[in-house]
Amino acid sequence: SSGLAHRPSGLLVLTDRELFGATRVRRLAPSKRVVTRDLIGKLEAGDLVVHVDHGIARYVGMTQREYGGDVKEYLQLDFAGDDKIFLPADQIGRISRYSGGAGPSLSKLGGTEWERTKRRVRRAVADLADELLEIYAAREAAPGFSFSPDTVWQRELEEAFPYTETPDQARTIEEVKADMLRRRPMDRLVCGDVGYGKTEVALRAAFKAVQDGKQVAVLVPTTVLAQQHLGTFQRRLAPFPIEVGMLSRFVPKREQERIVAGVADGSVDVLIGTHRILSKDIAFADLGLLVVDEEQRFGVSHKERIKSMRREVDVLTLSATPIPRTLHLSLVGIRDLSVIETPPEARLPIQTRIAEDDDGLVRDAINRELDRGGQVFFVHNRVDTIETVAERVRRLVPRAKIAIGHGQMAEGMLERVMLDFDAGRFDVLVCTTIIESGLDIPNANTIIIGRADTFGLAQLYQLRGRVGRSDRRAYAYLLHRRGMPLSPVARKRLHAIFSASDLGAGYQIALSDLEIRGAGNILGAEQHGFMAAVGFDLYTRMLAEAVDVRRGRVIGAEPAAVRMDLPGSAYLPDGYVGDAGAKLEMYRRFAAIRSDGDAEQLRAELRDRFGPVPEPVEGLFRAVAVRLAAEAARVPEVRAEARSVVFKWPRYDRQAVSTALAMAGFRPTLASNQVRIPVAAGRDPVDVALRALQALARR
């Protein structure tokens with residue numbers, strides 16, 4: 001960590017810290033947390049699910065059933081009326097959690113309505129795919145700027161980063177650089193949780209653009225965040241001849257005029273600012289990159305201006321909780337998507353509590369934080385009564401030094417309050433949602449949000465993200481008025497924010513937001529109805545398929561579910577995987593296995609997480625092997641009957657099947673729609689079925 005002097009030889013050894021003042025903190029690479037898009041592990045009794053073959057049902061729960069000494073696990077799905085099915089747990093891939101707005105009516109089993117609905121949605125997504133492809137083609141054909149490969153300076157800047165990049169952060173940086181090297185304009189969404197290093201991704205992209213003589217605009221939603229970004233960029237870029245400017249109401253008029261002139265003549269390389277930088281009087285000499293931080297915070301007119309810029313320059317969008325439309329376009333491949341899911345080391349999940357507003361609770365929460373030397377945010381989003389709330393806090397905690405911050409304060413005063421709070425001169429900041437985006441004060445680790453039921457889901461998530469940005473446990477108190485019943489939507493929002501307590505849950509919050517609000521107007525309001533009819537997951541899959549077809553990609557038809565009835569227990573025992581959510585997620589992983597390599601990878605993970613694999617779980621692996629072989633051989637049904645194994649088809653090539661089985665040493669009996677293979681005494685029917693299917697797959 002420091003150098004040394006060897007007097008006899010006159011040798012002086014210096015470290016980079018002594019030369020450049022930079023310290024690189026080495027950290028162990030944290031383990032990757034997998035955030036699944038369909039959130040099947042979050043499935044609870046009563047949730048709606050979409051079965052790809054039968055429609056919309058209500059999930060009741062898991063149940064284990066025993067037949068002839070063999071145990072298997074099933075998911076009970078209730079449909080309209082008294083209809084229900086018991087779905088084998090290893091076929092969980094046939095269902096997805098329903099997201100798409102207000103809850104639809106349940107489907108009726110056995111009817112044609114669900115197939116008609118899917119046909120109607122397919123026609124609609126075909127039209128939408130054509131529109132999306134026009135946008136995509138225009139973007140692909142647009143003349144962009146191809147940036148140069150990394151320079152020595154680029155490597156120096158990256159080495160000066162005081163932390164070790166998380167694996168996801170490193171991958172995202174490489175994806176952004178690869179986009180910048182291409183001729184077409186970049187349009188990438190970086191979705192990462194609060195404090196997961198999105199700003200560093202943007203800073204390196206900005207530096208790369210400036211290296212080629214281009215200017216960079218960094219668009220942020222609030223003046224406070226603009227001030228914070230200015231400090232970050234100036235600090236990191238100080239060793240290089242790069243001019244960084246800021247436009248916001250914090251900046252005096254004369255300084256604004258100087259910066260606007262510098263932007264026009266090219267002397268300002270990086271311009272950071274609020275929507276002010278989208279004004280007509282801002283003329284860039286040579287803009288090459290636009291970074292948009294928290295796009296969902298900007299209005300329609302601002303987004304139109306961003307959209308017009310997107311056709312000409314590289315655009316990098318950063319978001320912790322993308323709005324449903326943005327997420328949707330990224331999932332179907334029209335916008336490129338990078339997800340940063342790996343948390344920084346030592347980051348702890350935020351303890352979240354939802355409660356009625358109570359003086360005792362507020363007093364205890366603030367005192368507990370002050371006792372450990374920390375600071376507190378108290379969010380009250382009404383400027384006209386914010387002084388009253390501050391007075392209440394003074395009365396409850398007389399020892400606390402309290403400051404007030406809101407967007408209607410004079411520029412210099414708000415800036416001074418924020419800087420003083422950051423410096424630790426105040427204990428409690430009573431403020432509006434001006435702190436919502438990106439503010440980084442590691443010593444503030446308790447946030448109290450008054451009237452939390454009136455905030456949007458993404459807003460609550462962003463506010464909660466202001467705390468827990470260090471290795472200290474953080475607390476968030478979401479308060480609602482005493483004695484006032486919550487609306488159903490507010491209750492859903494608060495439940496979603498409470499449930500999404502895992503690190504890296506921003507992606508889940510975006511999907512929960514989609515579930516509560518619906519997808520919104522993607523390209524036309526009429527599309528929302530189609531999404532609600534089949535749910536977001538199935539709709540997105542159908543749209544992605546339609547887009548791929550129009551791009552000329554070969555689409556492998558999704559294999560039909562293989563119906564299997566084979567002996568042997570095949571399930572995850574409660575004593576092996578006790579948590580219901582983890583069990584559902586593991587069944588989903590079994591259903592997603594597509595090769596022997598996938599199976600071995602899952603087996604290794606199970607051993608690592610839960611211990612040696614017991615016999616019932618080995619039964620699941622055997623069932624997966626039979627399913628893969630049946631899919632390869634295009635056999636839709638495999639059954640074990642009295643001393644034989646039966647394969648069933650609607651129709652099949654009798655000569656080819658007979659020859660393939662005979663060459664493998666089997667003596668089958670062939671009928672019009674099935675093949676029966678005898679199983680000798682003492683032989684395992686599962687092993688016989690597997691070998692016969694493998695022989696058929698080779699035919």
Strictly below 4.0 Å, N to O, side chains only: are [X] and [Y] in salt-bridge contact?
X	Y	result
E585	R588	yes
R683	D687	yes
R603	E618	yes
E545	R122	no
E175	R188	yes

Please examine the side chains of [Y] and [X], heavy atoms only from C-beta on, and report whether any two atoms are closer than 4.5 Å.
X	Y	value
I95	L75	yes
R94	H54	no
D596	D598	no
D47	Y98	no
Q76	F86	yes
Y196	V201	no
P650	P636	yes
M180	V176	yes

Calculate, to the nearest 0.5 Å, the distance between atoms [atom1] and [atom2] belonging to [X] and [Y] respectively.
X	Y	atom1	atom2	result
L337	C191	CG	SG	6.5 Å
Q694	L628	CD	CG	10.0 Å
R634	L693	CZ	CG	13.5 Å
L77	L87	CG	CG	5.5 Å
M586	D90	CE	CG	15.5 Å
R691	D684	CZ	CG	10.5 Å

Is it the case that R58 places NZ or CZ above or below the six-membered ring of F79, under 6.0 angstrom from the centre and within 45 degrees of the axis?
->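 Here R58 fails the 6.0 Å and 45° test against F79.
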Which of parallel (below 30°), tilted (30 to 60°) and perpendicular (above 60°) describes W649 and F647?
->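 Perpendicular.
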Determine the interplanar angle of the Y576 and F610 rings, folded into 0 to 90°, and report it as parallel if under 30°, tilted if 30 to 60°, perpendicular if over 60°.
->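 Taking F610 first and then Y576, their aromatic rings sit tilted (interplane angle of 30° to 60°).
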Over 12 foreign heavy atoms within 6.0 Å of CD, E605 |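 Buried by this count: over 12 neighbours within 6.0 Å.
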Could you tell me whether D53 atom CG has more than 12 heavy atoms of other residues or ligands within 6.0 Å of it?
->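 Above 12, so yes.
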Start with the C-alpha gap between Y587 and E73, add the side-chain angles, then the distance that decides, and say whether side chain to side chain donor-acceptor pair (under 3.5 Å) holds.
-> CA-CA 10 Å; Y587 279 128; E73 198 148 26; 2.5 Å; yes
Go through R654 and S658 one step at a time and tell me if the side chain to side chain donor-acceptor pair (under 3.5 Å) criterion holds.
-> CA-CA 6 Å; R654 294 178 69 159; S658 176; over 6 Å; no
Check each of V675, L661, L696 against F666 using the side chain to side chain contact (heavy atoms under 4.5 Å, CB included) test, and report the only one that passes.
->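 Of V675, L661, L696, side chain to side chain contact (heavy atoms under 4.5 Å, CB included) with F666 is met by L661 alone.
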Check step by step if salt bridge (charged side-chain N to carboxylate O under 4.0 Å, His left out) holds for E637 and R639.
-> CA-CA 7 Å; E637 187 171 350; R639 308 178 65 83; 3.2 Å; yes
Over all heavy atoms of both residues, which pair between [X] and [Y] is shortest? Give the atoms and the distance, please.
X	Y	value
P573	V617	CD-CG2, 3.8 Å
V52	W114	O-NE1, 3.1 Å
I340	V190	CD1-CG1, 3.8 Å
K198	L318	O-CD1, 4.0 Å
Y74	R65	CE1-CB, 3.9 Å
A533	I56	O-CD1, 3.4 Å

Please assess K583 against D574 for the test salt bridge (charged side-chain N to carboxylate O under 4.0 Å, His left out), listing each intermediate value before the final yes or no.
-> CA-CA 9 Å; K583 187 180 280 196; D574 292 339; 2.3 Å; yes
Is there a side chain to side chain contact (heavy atoms under 4.5 Å, CB included) between I173 and Q169 once you walk through the steps?
-> CA-CA 6 Å; I173 289 165; Q169 193 182 22; 4.2 Å; yes
Donor-acceptor contact present, side-chain K72 to main-chain G568, <3.5 Å |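 Checked: pair present.
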Pair L189-S338, side chain to side chain contact (heavy atoms under 4.5 Å, CB included): steps then yes or no | CA-CA 6 Å; L189 168 67; S338 296; over 6 Å; no
Assess whether salt bridge (charged side-chain N to carboxylate O under 4.0 Å, His left out) is satisfied between R676 and E641, documenting all intermediate values.
-> CA-CA 9 Å; R676 186 179 296 274; E641 295 180 358; 2.9 Å; yes
R563 vs V638, side chain to side chain contact (heavy atoms under 4.5 Å, CB included): CA-CA, chis, key distance, verdict = CA-CA 6 Å; R563 292 187 296 279; V638 180; over 6 Å; no
Does the pair L602 and F590 meet the rule for a side chain to side chain contact (heavy atoms under 4.5 Å, CB included), with working shown?
-> CA-CA 8 Å; L602 182 55; F590 272 102; 4.0 Å; yes
Verify salt bridge (charged side-chain N to carboxylate O under 4.0 Å, His left out) between R116 and E113, making sure each step is shown before the conclusion.
-> CA-CA 5 Å; R116 278 206 305 273; E113 182 58 34; 2.5 Å; yes
